[in-house]
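First the structure, in the form of structure tokens, and then the observations on it.
When a ligand or atom number is given, it counts from 1 through the structure's own listing order. Just so you know, these numbers use all the heavy atoms, side chains as well, and skip hydrogens, waters and symmetry mates.
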Amino acid sequence: MKFNKSILSLALVFSINVFAADKPEVMILGTGGTIAGAAQKATDVTGYTAGEIAVSTLIEAVPEIANVADVKGIQVANTSSSNISSDILLELANTARKALNGDTKGIVVTHGTDTTEETAFFLDLVNQTEKPIVVVGAMRPATAISADGPMNLLNAVTLAASDEARGRGTMIMLNDFIGAAYYTSKTNSTSLDTFKAYDQGFLGTFAGGVPKFYYGPSQATGKPSFNISKIEALPRVDIIYSYLDMQPDQLNALVDAGAKGIVVAGSGNGSTPKAVRDRIAELQKSGFPVVLASRTGAGYVTAKEHGIGSGMLNPQKARIMLMLGLTKTQDLAELADLFGTRA
Ligand code: ASP
């Protein structure tokens with residue numbers, strides 16, 4: 001799918017500085033979302049337009065940021081996060097990589113919370129430095145009473161500038177909690193307390209304006225790393241959802257439409273009705289990758305005979321892993337290794 005040019009049109013057009021030369025440099029990459037959203041009324045926390053306010057305005061609204069970092073801002077996109085395409089992911093990751101290879105101590109990405117987990121997971125797999133990337137958003141638009149964005153942004157910049165954040169991969173910062181991008185997901189459609197990693201928990205919290213980590217630096221077990229500097233487009237991978245009476249039609253339609261891989265949000269430990277399972281087995285025999293994930297929202301999907309188990313990854317993260325995996329290999333066993341589930 002080609003990206004919407006108007007969404008990307010602001011990319012790299014400006015760079016602002018909140019001058020604090022004695023502080024570490026943090027690069028803020030704006031992509032939109034509710035944190036940059038505006039509503040007609042201060043009481044309106046759902047009927048608003050995401051991606052209305054420039055990242056420079058967000059930064060200027062929190063002058064306290066100058067106490068913790070010398071901030072530069074780049075507007076990579078300004079949209080609701082459901083419009084973040086794989087082209088924008090590549091643009092974002094390449095912009096982040098260039099900054100991380102320079103003096104920047106850490107990166108903050110402002111992003112809509114709806115798909116934060118996908119972008120953060122992608123950035124986690126492609127960042128090849130020890131430097132932190134922190135993805136931040138808000139559940140209330142910038143115009144709301146008790147908007148959560150300003151404090152989340154200050155915390156995110158503080159985190160990206162901190163020595164303790166190094167070597168922990170990409171993190172999601174919201175509602176005073178720090179989560180590993182690898183495991184953390186949005187679990188509630190409207191609550192401020194939405195980001196969770198049900199099985200793995202948080203990495204730490206903010207207390208008194210500073211990050212307090214519960215553990216020393218560590219990375220998700222078996223996390224692969226991808227160099228995307230030469231990749232111009234990611235292969236098409238789709239997700240379908242399993243339910244009672246499901247037939248294989250969607251699988252067939254996606255293969256016909258040119259998908260290079262499919263993730264199934266199966267029931268429980270990746271199960272589907274028999275007709276679907278049989279078609280997946282046929283696709284596997286032909287060398288077409290189908291990853292079986294779970295629609296339950298948590299847990300591990302084990303190795304399968306007829307497809308690839310998604311391991312710890314939920315369907316949307318499994319899709320990102322499969323897209324990146326397919327840039328390296330078509331081999332089903334090697335793809336299964338990325339999920340830690342070679343049969
Ligand atoms: N619809 C918004 C988005 O994901 C929601 C948010 O930012 O919280 O862009």
Check: Which ligand 1 atoms does Gly33 reach within 4.0 Å, using its non-hydrogen atoms?
Finding: 7 (O), 9 (O)
Notebook entry, point to check: Does Ser82 come within less than 4.0 Å of ligand 1, judged by its heavy atoms?
Noted result: no
Next item on the list: Please name all residues satisfying ring-ring contact (aromatic ring centres under 6.0 Å, His included) with Phe202, sequence neighbours left out, ordered by chain then number.
Entry: Phe177
Notebook entry, point to check: So is there a nitrogen or oxygen of Thr34 less than 3.5 Å from a nitrogen or oxygen in ligand 1?
Noted result: yes
Notebook entry, point to check: Salt-bridged, Glu118 to Lys317, with N to O below 4.0 Å?
Noted result: no
Next item on the list: Can you see which heavy atom on Leu313 is nearest to which on Ala293, and at what distance?
Entry: O-CB, 4.0 Å
Check: Does His111 reach ligand 1 with a nitrogen or oxygen that is under 3.5 Å from one of the ligand's nitrogen or oxygen atoms?
Finding: no
Check: Polar-atom distance check: Ala138 versus ligand 1, any N or O pair below 3.5 Å?
Finding: yes
Next item on the list: Please test Asp238 against Arg319 for salt bridge (charged side-chain N to carboxylate O under 4.0 Å, His left out), starting from the C-alpha separation and ending with a verdict.
Entry: CA-CA 7 Å; Asp238 292 274; Arg319 173 179 175 267; over 6 Å; no
Next item on the list: Say whether Thr115, considering both its backbone and side-chain N or O atoms, lies within less than 3.5 Å of an N or O atom on ligand 1.
Entry: no
Notebook entry, point to check: Who passes side chain to side chain donor-acceptor pair (under 3.5 Å) against Thr158, sequence neighbours left out?
Noted result: none
Next item on the list: Identify the protein heavy atom lying closest to atom 8 (O) of ligand 1, giving its residue, its atom name and the separation to 0.1 Å.
Entry: Thr113 OG1, 2.3 Å
Notebook entry, point to check: Can Arg279 and Glu282 be counted as an ion pair, charged N to O under 4.0 angstrom?
Noted result: yes
Checklist line | Residue, atom name and distance, where the atom is the protein heavy atom closest to atom 1 (N) of ligand 1 | finding: Asp114 OD2, 3.1 Å
Next item on the list: If you have a sec, work out which protein heavy atom is nearest atom 4 (O) of ligand 1 and how many Å separate them, to one decimal?
Entry: Ser81 OG, 2.5 Å
Checklist line | Basic-acidic side-chain contact under 4.0 Å: Arg140, Asp148 | finding: no
